[in-house]
Enquirer: 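Below is a structure I'd like to ask you about.
Each chain gets a letter, A, B and so on, in the order its sequence line appears, and its residues count up from 1. Just so it is clear, the structure is predicted and the values come from calculations on it, not from any experiment. All values below come from the heavy atoms of this structure, side chains included, with hydrogens, waters and symmetry mates left out.
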There are 2 protein chains.
Amino acid sequence: MRPAPGRRRQILDTAARVFAAQGYDATTVRQIADAAGLLAGSLYYHFDSKESMLDEILSTFLTELWERYDTVLAAGLRPRESLAALVTASFREIDRHRAAVAIYQKESRHLTDQPRFGYLADAQRGFERAWLRTLESGVASGDFRTDLDVRLTYRFVRDTVWVAASWYRPGGQHSPEEIARQYLSMVLEGVALRDSHRTHDPHD
Amino acid sequence: MRPAPGRRRQILDTAARVFAAQGYDATTVRQIADAAGLLAGSLYYHFDSKESMLDEILSTFLTELWERYDTVLAAGLRPRESLAALVTASFREIDRHRAAVAIYQKESRHLTDQPRFGYLADAQRGFERAWLRTLESGVASGDFRTDLDVRLTYRFVRDTVWVAASWYRPGGQHSPEEIARQYLSMVLEGVALRDSHRTHDPHD
DNA sequence: TAACCTACCAAACACTTGTTAGGGAAGGAG
DNA sequence: CTCCTTCCCTAACAAGTGTTTGGTAGGTTA
């Protein structure tokens, strides 16, 4: 039989979808096997354990995400553009790894305790540093308001971006870029009407 | 032995905390019993099943939440004040029912399928109607911008409010009202600096 | 005193869980 | 053809799951 290396990836994708839909603990390996078209025991030819499937799903997602983030952060953009680039990159990753993002959101909190998933805590600290630095340099440069609690703002911005994974459906009426644009417009300019909105387009 | 009706409530609160921390499916009835100071089987003197504990936690939370929402919606406030009142009420409920909110967020999506938890879908439809009507009437009255997708805005606002339950800790440095104020300021006015922020406090 | 109720324990139940062991079918390589 | 690798199945395992049953300590009521 010829090797089909795509099979492993395919099983992992279906596992991610089931995990995202039902939750990791609520998902049985038999459900994954059913969805992937094989029997429960056969999963263990491809993977060590149920937990290592989860591990691989989350770690590959975070690795790819940080490649994008690092590119943005290394570009040396001005705070406003840096914020926009981070947000846009995030929505693109949600588009690409919707299931992984949903799993990350649901499970990461109680996984960070386990040593095996220590990289989750690392990633979270990295997020906080990247976002906080962007916001703080924006405050210093006069791009952002000075009267808002930066840490609160960070949490709001972070959460709103990532929970989008819970309702976003690829191929829907909004592209990731369009969602990012609307979101940035709301966060930067606010939803309240003011004069500038009556006369011209507020995008960037 | 004298009846202690507080015991049932106490066990339910303990269960809510464990559910919120570990997830419903990942929590065993023995863990709940340990945390509450009795044995697993003894839980079934107070409750029919593990599921009915979850049911009672979520339904009492939603009932109380909708009492507050209905009060706000019936007050006939102008859109901006109505939005502010809804947000503030939400943060107050997060303060009061942090565990229940966390559980609701994590589990509601895959519970809505079960007939027993049909009220979750009802509540969600109610949220959508309440928020959308507030936003739309604000657009119509000229309080809010007309160039934003109302449905997207609704999702952003809704999600950001409720995910706050994941990081909010009662007794911390921010009161629910303070968080609501900062959040409203961000959503309404945006984080970008503009002239009005240099001269006066933006909190209306 | 006796009957009764509340709140719990001890022990088991049937079932599901993740995981393993051994085997076998199908194709490629020699 | 024969060997070998890949991929999967069948069948079972031990541990853990939610739940039930019968019993009992101790306070309340009569």
Side-chain angles (χ1 to χ4, degrees), chain A residues 1-59 99 103 106-107 110-111 113-117, chain B residues 1-59 99 103 106-107 110-111 113-117:
Chain A
M1 212 179 216
R2 59 186 153 191
R7 185 67 169 135
R8 180 192 172 87
R9 169 64 63 99
Q10 179 204 330
I11 293 176
L12 209 59
D13 284 350
T14 52
R17 273 200 304 275
V18 184
F19 284 156
Q22 308 194 346
Y24 172 74
D25 292 284
T27 299
T28 72
V29 293
R30 285 165 179 81
Q31 289 175 317
I32 299 173
D34 281 357
L38 40 69
L39 289 190
S42 309
L43 289 174
Y44 290 80
Y45 170 75
H46 298 277
F47 303 96
D48 288 347
S49 64
K50 179 188 175 189
E51 197 183 67
S52 66
M53 293 190 221
L54 177 66
D55 193 353
E56 195 166 330
I57 290 168
L58 291 178
S59 61
I103 297 168
K106 262 195 220 156
E107 318 289 347
H110 63 268
L111 285 178
D113 297 336
Q114 290 178 249
R116 174 171 196 170
F117 293 94
Chain B
M1 211 180 219
R2 59 187 153 192
R7 185 66 170 136
R8 181 192 173 87
R9 169 63 63 99
Q10 178 203 331
I11 293 176
L12 210 58
D13 285 350
T14 309
R17 273 199 306 275
V18 184
F19 284 156
Q22 308 194 346
Y24 173 74
D25 292 284
T27 300
T28 71
V29 293
R30 284 164 179 83
Q31 289 176 317
I32 300 174
D34 280 359
L38 39 69
L39 289 189
S42 309
L43 289 173
Y44 291 79
Y45 170 76
H46 299 278
F47 303 96
D48 288 346
S49 64
K50 179 188 175 189
E51 197 181 67
S52 66
M53 294 191 220
L54 177 65
D55 193 353
E56 194 166 332
I57 291 169
L58 291 177
S59 61
I103 298 168
K106 261 194 222 156
E107 318 288 348
H110 64 269
L111 286 177
D113 298 334
Q114 290 178 247
R116 173 171 196 170
F117 293 93

Enquirer: Can you build the contact string for nucleotides 12-18 of chain D? Use B for base contact, S for sugar-phosphate-only contact, and - for no protein heavy atom under 4.0 Å.
Expert: B----BB

Enquirer: Which of these, B:E51, B:E107, B:H110, sits in a side-chain contact (heavy atoms from CB on, under 4.5 Å) with B:F117?
Expert: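 Of B:E51, B:E107, B:H110, side-chain contact (heavy atoms from CB on, under 4.5 Å) with B:F117 is met by B:E51 alone.
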
Enquirer: May I ask you to evaluate whether B:R7 reaches the phosphate of C:dT6, defined as a side-chain N or O under 4.0 Å from OP1 or OP2?
Expert: no

Enquirer: With a cut-off of less than 4.0 Å, is there a side-chain N or O of A:S42 near OP1 or OP2 of D:dC9?
Expert: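 The answer is yes; a side-chain N or O of A:S42 sits under 4.0 Å from OP1 or OP2.
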
Enquirer: To the nearest 0.5 Å, how far apart are OH in A:Y24 and CD1 in A:I103?
Expert: 10.5 Å

Enquirer: Which residue in the set B:R116, B:R8, B:R9 passes salt bridge (Lys or Arg N to Asp or Glu O under 4.0 Å) when paired with B:E56?
Expert: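 Exactly one option meets the salt bridge (Lys or Arg N to Asp or Glu O under 4.0 Å) with B:E56, and it is B:R8.
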
Enquirer: Starting from P on D:dT21, measure out to CG on B:L43 and report it in whole angstrom.
Expert: 17 Å

Enquirer: In whole Å, I'd like the distance from the CG atom of A:L54 to the C1' atom of C:dG18.
Expert: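 From A:L54 CG to C:dG18 C1': 14 Å.
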
Enquirer: When you compare the side chain of B:I11 with that of B:F47, does any pair of heavy atoms fall below 4.5 Å?
Expert: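 Yes; the side chains approach each other to less than 4.5 Å.
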
Enquirer: Testing the basics here: between B:A16 and B:A99, what is the closest heavy-atom pair and its distance to 0.1 Å?
Expert: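 Nearest pair, atom of B:A16 first, then B:A99: O-CB, 3.6 Å.
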
Enquirer: Rounding to an integer number of Å, can you tell me how far A:L38 CG sits from C:dG24 P?
Expert: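 Checked: the CG to P distance equals 20 Å.
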
Enquirer: Pick the closest DNA chain D nucleotide for A:L39 and for A:Y45 by heavy atoms, then say which residue is nearer the 5' end.
Expert: A:Y45

Enquirer: With the side chain counted from C-beta on, respond yes when A:L38 and A:R7 share a heavy-atom pair under 4.5 Å apart, and no when they do not.
Expert: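 A side-chain contact exists here, since the closest heavy-atom pair is under 4.5 Å.
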
Enquirer: Give a yes/no answer on whether the side chain of A:H46 brings an N or O atom under 4.0 Å of OP1 or OP2 in D:dT6.
Expert: no

